[in-house]
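Just so you know, these numbers use all the heavy atoms, side chains as well, and skip hydrogens, waters and symmetry mates.
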Amino acid sequence: RMQGSLKELRTVAISIAVLALIAFVAVVHVENGGQTSDKKVELLSPLQVGRYAVRAERQSSDYDHKAERQIAFATDNDNAASGERDLAAKEEKRARDSAYLAADMKSTIDKLLEDGRDQVNQATALKSKAGHLQEQAAQLLTKAKVEKESAAALKEKYYKTMDEYSKAVAAIDTATQKAQAVLDQMNAQSLVLAQVATQYGVATNHGKDPDAAAAVALRGQLQNAQKDLAAITAQKAKADEETAEASKLADQYQPMIIDAEKAKQESDMHFQEFAHLTQQADQLQKRADALLARADSIDGLILSTQQELSAKRKDFEHYKNRAQTEMAISLQAEDKEALLRKQARQARFKAAVLSDKARRLRALAQKGVNNVMEAVDRPST
């Protein structure tokens with residue numbers, strides 16, 4: 001505003017000077033009369049010079065105002081361009097920070113993927129090993145089942161043979177007891193017969209008096225005792241025959257008993273093998289269960305890794321998109337800065353052109369005034 005006021009004052013002063021000059025030229029012209037009539041043809045009239053000078057001053061002032069507006073426009077554009085440059089630098093820095101964060105997220109994602117692959121491989125290996133152990137345990141249990149069935153069959157054969165043998169033993173015991181009873185009866189009857197025979201011998205006076213009364217009575221007893229002994233002896237023969245048959249049956253069962261004992265031993269061995277195989281299968285199953293438990297634990301880690309990986313991927317996409325947006329804003333700000341700088345340069349160029357035009361008009365007006373002054377001064381000299 002101060003510069004505009006000074007320029008207005010300068011314009012007014014120049015206008016006053018030009019009017020004064022015109023008045024001075026008019027007075028001189030009146031005083032000289034027709035002496036300079038031949039020279040006035042070559043020069044503009046003082047009025048025309050004043051009019052052109054005022055018009056040139058106005059035009060130059062208008063050029064100055066336009067130049068000032070162009071300079072103000074250029075200054076505003078420079079300030080706006082500086083703001084855009086600051087915005088571009090700020091957004092570029094933010095874009096770099098976002099890109100660094102995205103790169104960190106990418107590195108974290110790669111590490112998580114690597115850890116996840118290792119965890120999956122570990123879980124797969126553990127499950128495979130556990131499955132192999134379970135297969136081995138199943139094979140051992142199959143063998144153990146065969147051993148158990150074999151042991152049961154041999155044990156059944158043993159008990160069946162022993163049951164049949166116990167019947168034979170019972171028959172032998174019965175025949176033996178029966179034979180012993182018959183033998184006891186024979187012994188007892190033999191004693192009775194011996195006593196009766198002794199009494200009969202005494203009664204007959206050792207055969208000298210067979211018809212004695214006592215001998216006749218004892219003879220009947222002796223005959224009865226002999227009959228009883230004969231009957232018992234016949235029973236003994238039958239009992240001996242039964243005992244012999246029982247012994248023969250026992251002899252027949254003896255190889256079977258030996259085979260049964262062998263079967264029992266084999267049954268015990270098969271049962272021991274069954275117990276051993278079952279124990280091994282249990283141990284393998286326990287190892288498999290432990291491996292599966294570890295695999296389940298790793299599966300839990302895999303699930304956690306997947307969740308973390310999903311979250312990190314979202315963060316990566318967020319930072320990547322933010323970096324792209326901020327970089328786009330930075331580039332747009334740079335483009336806008338370049339446009340504003342270009343417009344500022346163009347405005348300064350226009351201002352320089354207008355200022356030059358104003359300077360040339362003032363110079364032209366000043367030259368006209370100088371010419372008038374010279375024309376005025378020349379006749380007086």
Side-chain angles (χ1 to χ4, degrees), residues 90-160 262-330:
K90 178 182 177 181
E91 291 299 324
E92 183 178 359
K93 182 178 181 301
R94 292 182 62 186
R96 283 197 302 269
D97 294 339
S98 298
Y100 291 151
L101 291 173
D104 291 340
M105 288 298 104
K106 184 64 170 60
S107 177
T108 302
I109 289 171
D110 292 339
K111 187 176 184 304
L112 287 173
L113 286 173
E114 184 178 358
D115 293 341
R117 284 191 294 269
D118 292 339
Q119 291 169 357
V120 170
N121 292 334
Q122 289 178 6
T124 302
L126 290 173
K127 290 178 181 178
S128 177
K129 190 173 181 180
H132 182 63
L133 291 175
Q134 287 177 336
E135 289 178 359
Q136 290 181 347
Q139 292 175 358
L140 290 175
L141 288 176
T142 301
K143 292 180 180 179
K145 182 179 179 182
V146 173
E147 294 293 334
K148 183 179 180 181
E149 291 175 352
S150 298
L154 292 171
K155 187 73 72 174
E156 183 180 2
K157 179 181 178 181
Y158 168 76
Y159 285 123
K160 184 178 180 181
K262 290 182 180 179
K264 182 177 180 299
Q265 292 178 357
E266 291 181 2
S267 174
D268 294 339
M269 291 176 61
H270 284 296
F271 189 79
Q272 289 177 359
E273 184 66 17
F274 161 75
H276 178 65
L277 292 174
T278 303
Q279 183 181 7
Q280 287 184 340
D282 290 340
Q283 291 177 352
L284 291 176
Q285 186 61 46
K286 288 180 180 179
R287 290 174 58 189
D289 292 340
L291 292 176
L292 290 176
R294 289 176 58 190
D296 291 339
S297 177
I298 294 176
D299 286 338
L301 290 176
I302 291 172
L303 180 60
S304 177
T305 302
Q306 288 176 344
Q307 293 174 351
E308 186 177 1
L309 183 61
S310 177
K312 294 300 181 183
R313 279 175 174 165
K314 289 181 181 178
D315 292 340
F316 169 73
E317 291 296 329
H318 169 70
Y319 290 129
K320 184 183 74 172
N321 294 332
R322 193 174 78 177
Q324 291 175 348
T325 302
E326 291 166 348
M327 185 56 69
I329 294 173
S330 176

### Query
Got a sec: does the CZ of Arg294 have more than 12 other heavy atoms crowding it under 6.0 Å?
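Incorrect, the count does not exceed 12.
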### Message
Quick check: do Glu273 and Met269 have side-chain heavy atoms less than 4.5 Å from each other?
### Response
no
### Test item: Leu101 and Met105 side chains (from C-beta on) under 4.5 Å apart, heavy atoms
no
To the nearest 0.5 Å, tell me how far [X] [atom1] sits from [Y] [atom2].
X: Tyr159; Y: Ser267; atom1: OH; atom2: OG; result: 8.0 Å
X: Asp315; Y: Ile109; atom1: CG; atom2: CD1; result: 8.0 Å
X: Gln279; Y: Phe274; atom1: CD; atom2: CZ; result: 12.0 Å
X: Lys320; Y: Gln324; atom1: NZ; atom2: CD; result: 6.0 Å
X: Lys106; Y: Asp110; atom1: NZ; atom2: CG; result: 3.5 Å
X: Phe316; Y: Thr108; atom1: CZ; atom2: OG1; result: 11.0 Å

### Message
Which heavy atom of Gln119 sits nearest to which heavy atom of Ile298, and what is that distance?
### Response
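Answer, listing the atom of Gln119 first, then Ile298: O-CG2, 3.2 Å.
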### Message
Quick check: closest heavy atoms across Ala323 and Ala99, and the distance to 0.1 Å?
### Response
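Smallest heavy-atom distance, with atoms named: CB-N, 3.9 Å.
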Any side-chain to backbone donor/acceptor pair from [X] onto [Y]? Under 3.5 Å, distance only.
X: Thr325; Y: Asn321; result: yes
X: Ser98; Y: Arg94; result: yes
X: Glu326; Y: Ala95; result: yes
X: Ser310; Y: Gln306; result: no

### Query
Would you call Lys111 and Asp115 a salt bridge, using N to O less than 4.0 angstrom?
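Here Lys111 pairs with Asp115 in a salt bridge, since their nearest N and O are under 4.0 Å apart.
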### Task
Answer yes or no: is there an ion pair linking Glu114 with Arg117, defined by an N-O contact shorter than 4.0 Å?
no
Enumerate, atom names and distances included, each donor-acceptor pair closer than 3.5 Å involving a side-chain atom of residues 138-157, sequence neighbours excluded.
residue, atom, partner, partner atom, Å
Thr142, OG1, Ala138, O, 2.8
Glu147, OE1, His270, ND1, 2.4
Ser150, OG, Val146, O, 2.9
Lys155, NZ, Asp268, OD1, 3.1

#### Entry: Candidate pair Lys286 and Asp282, rule salt bridge (Lys or Arg N to Asp or Glu O under 4.0 Å), full reasoning
CA-CA 6 Å; Lys286 288 180 180 179; Asp282 290 340; over 6 Å; no
#### Entry: Test salt bridge (Lys or Arg N to Asp or Glu O under 4.0 Å) applied to Glu266 and Lys262, step by step
CA-CA 6 Å; Glu266 291 181 2; Lys262 290 182 180 179; over 6 Å; no
Throw together a table of side-chain donor-acceptor distances under 3.5 angstrom for residues 126-137, partners on residues two or more places apart or in other chains.
residue, atom, partner, partner atom, Å
Lys127, NZ, Asp299, OD2, 3.1
His132, NE2, Gln136, NE2, 2.9

### Task
Determine, step by step, whether Gln122 and Asp118 satisfy the side chain to side chain donor-acceptor pair (under 3.5 Å) criterion, reporting the C-alpha distance in whole Å, the side-chain angles of both residues, the deciding distance to 0.1 Å, and the verdict.
CA-CA 6 Å; Gln122 289 178 6; Asp118 292 339; over 6 Å; no
### Message
Side chains of His276 and Gln272: any donor to acceptor distance under 3.5 Å?
### Response
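His276 and Gln272 do not have a side-chain donor-acceptor pair below 3.5 Å.
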### Message
Restricting to side chain to side chain donor-acceptor pair (under 3.5 Å), what partner residues turn up for Lys90, sequence neighbours left out?
### Response
none
